[in-house]
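Below: one structure, written as structure tokens.
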Amino acid sequence: METYCVFRLLGAGERSAQQASRSRITYHASRVAHAAISVGRGTMIRQLEADAVVVGGGTSGCYFAWRLGQAGLRTIVLEKRRLADVGQEIDIFHMDEVRFPEFGLPLPTNGELIGYYPTGLAWSPDLQVKNEVRYPFYVMHKPAFHQRLYRYVEREGGQVLERAEVVWPLIEGGFLVGVRALHQGAPLEVRGRIVVDASGIDGCLRTRLPADFGVETEPIRERDTLYVCLEFRDDLPPGTPTGLNFYPFHKAFWNPSRGKGAILGIGQPGGYDVAWQKHREWREEYFGNPGRVVKRTQGRTPYRRSPYSLVGNGFMLMGDAAFQTKPFSGEGVTSSFTACQIAAEVAIAALQLGDVSRAALWPYNTRYFRGQGAKFASMFVQLPAAAGLSRREVDFLFHHNIIFSGEDLRQMNLDYETRLTPRDTAAMAARLAWGVASGRFSARSFKRLLDASSAAARIKAHYQRYPEEPGGFDAWVQEAKKLWGEETI
Ligand SMILES: Cc1cc2nc3c(=O)[nH]c(=O)nc-3n(C[C@H](O)[C@H](O)[C@H](O)COP(=O)(O)OP(=O)(O)OC[C@H]3O[C@@H](n4cnc5c(N)ncnc54)[C@H](O)[C@@H]3O)c2cc1C
């Protein structure tokens with residue numbers, strides 16, 4: 001249904017409304033409020049309505065909208081950029097082969113497909129060990145994949161609006177009922193029975209919800225962010241790596257680009273300057289200055305636990321906005337699809353029943369956090385101990401097939417955890433103890449790994465007991481905060 005209405009707001013006249021809509025609206029609350037008020041008496045505001053409104057036309061928002069469309073529900077996706085620009089900043093990305101059938105997606109072809117790699121290599125810091133990881137990846141053109149998802153949404157009756165920047169949530173009677181946006185500079189109001197924040201790392205809706213809405217509203221902090229720097233190089237000399245190459249100690253990779261080119265990438269905390277500095281050090285030490293730099297790009301990816309609840313009355317949160325990236329790599333397209341798929345099933349059931357309350361949407365929380373969410377929480381607890389290891393210690397692990405074996409890394413990609421029998425665990429502990437005894441692994445690091453491993457098991461078990469209903473949530477959060485070492489009330 002498409003309607004037009006007039007907001008009778010007191011304030012400045014129509015000319016200042018036009019000026020306001022032409023000027024860039026920032027996220028600052030007072031500027032946004034000013035923009036709304038200065039719409040002025042008598043100004044026409046376009047109003048749209050759908051079953052679900054999705055903020056963010058990235059992979060997560062579109063996947064969710066597509067799923068709802070397949071169930072006969074109408075979705076409007078609002079994307080602040082031109083659709084042709086979405087994905088351009090990353091240009092080339094990787095998607096694991098197993099996830100295509102899992103998420104009902106045909107394999108990439110034509111303009112989307114850059115390469116297919118059935119295996120990759122994980123390198124020790126001393127480059128003496130290279131473990132083959134048998135886990136196939138597609139290398140793909142990201143903007144083309146976005147275009148495919150837009151087609152899917154529209155084929156099922158959904159609508160994707162470009163240059164539609166959401167500036168404020170609409171809340172009525174304790175329910176999120178829609179959003180205010182600027183569409184190509186003009187005010188737009190979009191209402192839906194469910195409103196989804198899939199707006200990426202900054203969570204433009206989540207961070208603007210009232211404090212008592214039941215969802216954490218703090219913006220992501222710098223220390224919870226990975227800064228990803230990509231350098232595209234061409235004309236590479238013989239002897240440089242080919243295929244997928246992963247350097248865990250440096251959190252870096254050398255992956256294929258178009259033709260014979262390569263992407264040298266790194267993901268680091270601490271800001272872009274730190275990340276580029278580490279990129280340079282890693283590249284110079286291992287490869288010198290090979291070939292020619294075609295371009296450099298950069299972006300942020302979340303590196304922290306998800307908010308404890310992903311739902312509110314009429315509200316759902318997913319993708320980078322919900323911090324659903326893989327803790328060991330920072331990749332987030334397919335791990336977000338896991339969440340979007342659950343969220344879509346829950347949303348469809350809720351919309352069909354006519355109840356979009358927090359309680360009705362709660363199964364998204366329960367199913368996500370008891371599954372992938374529990375594994376990711378466990379990994380986030382373990383990773384700092386692994387990241388704190390010295391170069392010599394990581395070499396020791398590689399040389400003795402501990403943690404970084406090809407099979408461990410394959411399982412990590414596939415299941416987000418390494419399945420160890422008690423016998424495997426005992427053997428690993430014995431090898432580490434031997435490393436300590438022979439002076440190649442520090443006792444302190446050994447203890448940190450053991451402590452992290454038991455803390456990870458505790459947090460995973462706690463997430464697997466995520467409450468079935470909102471009733472048990474507060475007590476669950478109190479316990480979770482203790483396990484994360486956060487302040488409790
Ligand atoms: C350099 C880099 C390389 C990466 N490589 C890979 C990879 O190879 N494989 C992989 O799986 N993952 C990769 N990732 C991570 C991956 O890109 C993200 O996890 C994924 O794109 C998240 O999708 P999303 O839809 O949740 O968020 P986003 O892709 O961030 O999409 C959110 C969308 O919302 C829009 N938006 C924001 N605010 C508003 C607003 N107010 N109104 C309307 N629209 C708004 C944005 O313009 C954006 O298009 C990489 C990340 C980076 C930074």
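Order of listing sets the numbers, starting from 1, for every ligand and every atom in it.
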When you measure from the heavy atoms of K142 to every atom of ligand 1, does any distance fall below 4.0 Å?
yes
Give a yes or no on whether the backbone of P136 and the side-chain of E97 come within a donor-acceptor separation of less than 3.5 Å.
no
Hey, could you give me the CE/CD distance between M379 and Q372, rounded to the nearest 0.5 Å?
8.5 Å
side-chain hydrogen bond (donor to acceptor under 3.5 Å, both in side chains) partners of H94, counting only residues at least two apart
N255
Is it true that atom CZ of R134 has more than 12 heavy atoms of other residues, nucleotides or ligands lying nearer than 6.0 Å?
no
Does G265 have a heavy atom less than 4.0 Å from any atom of ligand 1?
no
A198 heavy atom under 4.0 Å from ligand 1
yes
Ranking T301, D320, I266, V167 by closest non-hydrogen atom to atom 18 (C) of ligand 1, top hit is D320
Under 4.0 Å from any heavy atom of G319, which atoms of ligand 1 are there?
26 (O)
Per-atom contacts, ligand 1 versus F93 - under 4.0 Å to a heavy atom
7 (C), 8 (O), 9 (N)
Non-hydrogen atom of A164 closer than 4.0 Å to ligand 1:
yes
At their closest point, which heavy atom of L83 faces which heavy atom of Q147, and how far apart are they?
O-NE2, 3.2 Å
